[in-house]
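As a basis for the values below, the full set of heavy atoms in this structure was taken, side chains included, without hydrogen atoms, waters or symmetry mates. Chain identifiers are assigned alphabetically (A, B, ...) following the order of the sequence lines, protein sequences preceding nucleic acid strands; residue numbering begins at 1 within each chain.
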There are 2 protein chains.
Amino acid sequence: MSVILKAKPATAAEIAAQLTEAIHEHRLQPGAKLREDEVCDIFQVSRTIVRQALHSLEHKGLVTILRNKGAFVAKPSLKEAREVFETRSLIEPAMARAAALRATPHDIAFLEAHMKAEQDAIDREEVGPALKLSGDFHVQIARIADHHLIETLLKQLVARSALVIALYWRRRNALCDSSSHSSLVNALRDGDADNAEEIMKGHLLDLLMQLDLRDSPTGPVSLRDALKK
Amino acid sequence: MSVILKAKPATAAEIAAQLTEAIHEHRLQPGAKLREDEVCDIFQVSRTIVRQALHSLEHKGLVTILRNKGAFVAKPSLKEAREVFETRSLIEPAMARAAALRATPHDIAFLEAHMKAEQDAIDREEVGPALKLSGDFHVQIARIADHHLIETLLKQLVARSALVIALYWRRRNALCDSSSHSSLVNALRDGDADNAEEIMKGHLLDLLMQLDLRDSPTGPVSLRDALKK
DNA sequence: CTGCGTCAGATCGTATACAATATCCGCTCA
DNA sequence: TGAGCGGATATTGTATACGATCTGACGCAG
């Protein structure tokens, strides 16, 4: 893990942000242990601060803290994974609609630049950064819709989606189809709210389809775990 | 504040729960300051624990922490207030639908008992407890829908709704019309998903209508505050 | 050789001490 | 009289020390 993070900052919020980014970009895998002392060493801060950051991430659903055991990058179950995408399906189409009614030329330009960066990352096969940019795109829609509460909520859901993808993505090498992002931006530019809403709904469904969320046991379960009451 | 809380527990989670309940029942008003030492005295724990609880409540949007200033019960702006109810309107109808498809006789009985308790509280004019029970009703729908993520999310939104009500409720003495709760339970009993969804949608709209969320300055602002740059 | 108990090290949880910052009050001076 | 300025006090922020719990290894008995 030492090599995985950039190190430098000092506040709990910054540490949480860097850990979030690492999770989002799959540099930290679900289930990875986050030892307090280790994080202290990396960021050169006291445990007080690190614990603040870890608790913050726990509230956001990115980290699971087991008493007297430690903090681990969360490992969403199949049910939790489904719930994340179900919740997104409930709120994001409405955000796309609202964004279509509010988007300024400046917003559109920003989204286009964003998509270009995403495409560049894909071309360079930088899977992690591409994934993060793809997620951020969705958050930006909420920002354009000027809905702060959902923007905050969506940040969490998108980050958790990254965990779900790490666990349940079917084709490891195929990345999220970015064409729906592009057509969404077109709908936003035209102020076509109905279309934007539909595209977003379909896009989330597409994402869901690329996941393997069938009712199988959570991947390879060790005998030990299977028998643990 | 000393009289307002029951005191006794020891863990951060329990303290957060009691503070949440106090906020939910309007025993703690928006803007109320929560001094760490005071909370320590009340619950007889160290500041470490109290700070954990306060940070937890901050993540849930119930408390605002200003650096070097302290923790205050949150005071949602008009925009935030609208956003809370908009978000609820996006997710709760879907929960009502799902609950209609899953509710067992046991669930129905539980909801009926819940409504009875709510009615009793209203009859006794215990406004706070009635408000809390009314909010819990909505959380129970999500529980019956077996959607843990949204249940958790809704707990936060419902608690924040209590803050919104404290700030923007029009008729102080009139309580939420509980007849829609009753008709919702009927729809759930019949397994009528479409109807349940519609009732919930209408119910949330009703709630919104009882609020004064017009674009006026945030209630009575003191001259001092109004002039402070 | 296997199972179990015990002990040492590692790790987390909590309390407390100290530092940083804000707030309040009284003072001075225009 | 009132605005501006310390300084004492109150309050929060951070680091650290200590205690509790878990983990893994070792050794002994069966």
Novice: Could A:R143 and A:F110 be counted as a cation-pi pair, given that NZ or CZ must be under 6.0 Å from the ring centre and within 45° of the axis?
Specialist: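 Cation-pi check for A:R143 and A:F110: passes.
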
Novice: Just call it for A:R67: base, sugar-phosphate, or nothing, with non-hydrogen atoms closer than 4.0 Å on any strand.
Specialist: sugar-phosphate

Novice: Atom CD1 of B:I65 to atom C1' of C:dA22: distance rounded to whole Å?
Specialist: 16 Å

Novice: Rounding to an integer number of Å, can you tell me how far A:R35 CZ sits from D:dC22 P?
Specialist: 18 Å

Novice: Out of D:dT11, D:dG13, C:dC12, which has the shortest distance to the side chain of B:R47?
Specialist: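 The nucleotide sitting nearest to the side chain is D:dG13.
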
Novice: So A:V73 and A:Q29, side-chain contact (heavy atoms from CB on, under 4.5 Å) or not? Walk me through it.
Specialist: CA-CA 7 Å; A:V73 177; A:Q29 293 292 315; over 6 Å; no

Novice: Do B:H181 and B:H203 have side-chain heavy atoms sitting under 4.5 Å apart?
Specialist: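 Touching, per the 4.5 Å side-chain cut-off.
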
Novice: Could you tell me whether the side chains of B:H114 and B:Q140 share a donor-acceptor contact shorter than 3.5 Å?
Specialist: no

Novice: Under 4.0 Å from OP1 or OP2 of C:dG13: is there any side-chain N or O of A:R51 that close?
Specialist: yes

Novice: What nucleotide, of C:dT16, D:dG13, D:dA17, holds the atom closest to the side chain of B:S46?
Specialist: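 Looking only at heavy atoms from C-beta outward on B:S46, the closest nucleotide is C:dT16.
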
Novice: In whole Å, I'd like the distance from the NE2 atom of A:H55 to the C1' atom of D:dT14.
Specialist: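 Spelled out: NE2 on A:H55 to C1' on D:dT14 is 16 Å.
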
Novice: Let me know the distance between CG of A:L34 and C1' of C:dT11, rounded to the nearest Å.
Specialist: 14 Å

Novice: It should be established whether B:K69 places a side-chain nitrogen or oxygen under 4.0 Å from OP1 or OP2 of nucleotide C:dT23.
Specialist: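 It does, given that an N or O in the side chain of B:K69 lies less than 4.0 Å from OP1 or OP2 of C:dT23.
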
Novice: Looking only at the side chain of B:N68 (C-beta and beyond, no hydrogens), which of the listed nucleotides C:dT14, D:dT14, C:dA22 gets closest?
Specialist: C:dA22

Novice: B:T48 has a side chain; which of C:dT16, C:dC12, D:dT12 sits nearest to it?
Specialist: C:dT16

Novice: Rounding to a whole Å, what distance do you find between B:F43:CZ and C:dT14:P?
Specialist: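 Whole-Å distance recorded here is 16 Å.
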
Novice: Figure out the CD/P separation between B:E14 and C:dT14, and round it to whole Å.
Specialist: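 Result: 12 Å.
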
Novice: Between atom CG in B:D37 and atom P in D:dT9, what is the gap in whole Å?
Specialist: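 It is 17 Å, rounded to the nearest whole Å.
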
Novice: Grab the CG-P distance between B:L54 and D:dG13 for me, whole Å please.
Specialist: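 My rounded result for the distance is 10 Å.
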
Novice: Side chains of A:H148 and B:E80: donor-acceptor distance under 3.5 Å anywhere?
Specialist: no

Novice: Just compare D:dA15, C:dT11, C:dT16 and give me whichever is closest to any side-chain atom of A:I49.
Specialist: D:dA15

Novice: Please check the phosphate of C:dT14 (OP1 and OP2 only) for any side-chain N or O of B:Q52 closer than 4.0 Å.
Specialist: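 Answer is yes, contact under 4.0 Å.
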
